[in-house]
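Here is the structure we will look at.
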Amino acid sequence: MKFWETLDTEEATYIWHVDKSVSTLRDALKQIDDALGVIRQKGRQAFIDGVTSNFSRVLHDYSDPMKGFILWRDALEERLI
């Protein structure tokens with residue numbers, strides 16, 4: 001898995017699920033770099049509207065700082081298993 005985490009913003013943790021083979025990893029890193037380019041040029045929503053099956057995200061909820069962290073951590077752990 002590869003992650004993109006935003007700092008001090010109310011966005012999300014972006015997660016790309018990647019097979020563990022070296023050849024697949026190279027291709028996946030290129031696809032992730034392309035995805036980040038779309039996000040930079042056209043915005044997050046343009047990327048999210050066209051996401052592939054190997055992508056997921058965990059939304060941030062800071063309405064309650066402690067509960068928000070716990071919910072984020074639990075959702076992240078679900079994807080790591």
Side-chain angles (χ1 to χ4, degrees):
M1 280 188 211
K2 297 296 176 195
F3 296 85
W4 179 39
E5 179 63 48
T6 57
L7 180 62
D8 296 331
T9 61
E10 295 185 12
E11 295 173 10
T13 301
Y14 287 51
I15 305 166
W16 286 268
H17 309 271
V18 179
D19 292 332
K20 293 182 181 181
S21 72
V22 173
S23 61
T24 303
L25 181 59
R26 287 185 187 128
D27 292 339
L29 289 175
K30 172 73 172 105
Q31 290 174 354
I32 293 168
D33 188 52
D34 292 345
L36 294 175
V38 169
I39 293 168
R40 285 185 205 104
Q41 293 175 1
K42 299 180 181 178
R44 291 184 313 270
Q45 195 59 49
F47 168 72
I48 291 167
D49 290 343
V51 294
T52 61
S53 61
N54 69 334
F55 172 80
S56 65
R57 63 187 177 145
V58 178
L59 298 177
H60 299 170
D61 177 5
Y62 296 112
S63 56
D64 179 345
M66 280 308 296
K67 185 177 180 185
F69 171 77
I70 292 167
L71 292 172
W72 171 84
R73 183 193 63 203
D74 291 347
L76 183 61
E77 286 176 350
E78 285 177 13
R79 287 163 175 80
L80 294 175
I81 295 176

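Only heavy atoms go into these numbers, but all of them, side chains included; no hydrogens, no water, no symmetry mates.
Looking at every heavy atom in both residues, Arg79 comes nearest to Arg57 through NH2-O, 3.3 Å. Among all heavy-atom pairs drawn from Val58 and Ala75, the shortest one is CG1-CB, 3.7 Å. Shortest non-hydrogen contact noted between His60 and Ala12 is NE2-C, 3.3 Å.
Partners of Leu71 according to the side-chain contact (heavy atoms from CB on, under 4.5 Å) rule, which considers only residues two or more places apart in sequence or in another chain, are Lys67. Listed by chain and number, the residues in a side-chain contact (heavy atoms from CB on, under 4.5 Å) with Asp74 are Ile70, Glu77 (sequence neighbours excluded). Checked against side chain to side chain donor-acceptor pair (under 3.5 Å), Asp61 has the following partners two or more places apart in sequence or in another chain: Ser63. For Gln45, the side chain to side chain donor-acceptor pair (under 3.5 Å) partners two or more places apart in sequence, or in a different chain, are Asp49.
Listed by first and then second residue, the ring pair (Phe, Tyr, Trp, His ring centres under 6.0 Å) pairs involving residues 23-54 are Phe47-Phe55 (not counting sequence neighbours).
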Let me check something: any side-chain donor-acceptor pairs from residues 22-32 under 3.5 Å, sequence neighbours excluded? List them with distances.
| unit_1 | atom_1 | unit_2 | atom_2 | d |
| --- | --- | --- | --- | --- |
| Thr24 | OG1 | Ser21 | OG | 2.6 |
| Lys30 | NZ | Asp34 | OD1 | 2.8 |
| Lys30 | NZ | Asp34 | OD2 | 3.3 |

Check: Can you list the steps and then say if Ile15 with Leu80 is a side-chain contact (heavy atoms from CB on, under 4.5 Å)?
Finding: CA-CA 10 Å; Ile15 305 166; Leu80 294 175; over 6 Å; no

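In the hydrophobic clustering of this structure, Ile48 does not group with Leu59; members are Ile, Leu, Val, Met, Phe, Trp, Tyr whose side-chain heavy atoms approach within less than 4.5 Å, directly or through other members.
A distance of 9.5 Å separates CH2 of Trp16 from OG of Ser56, quoted to the nearest 0.5 Å.
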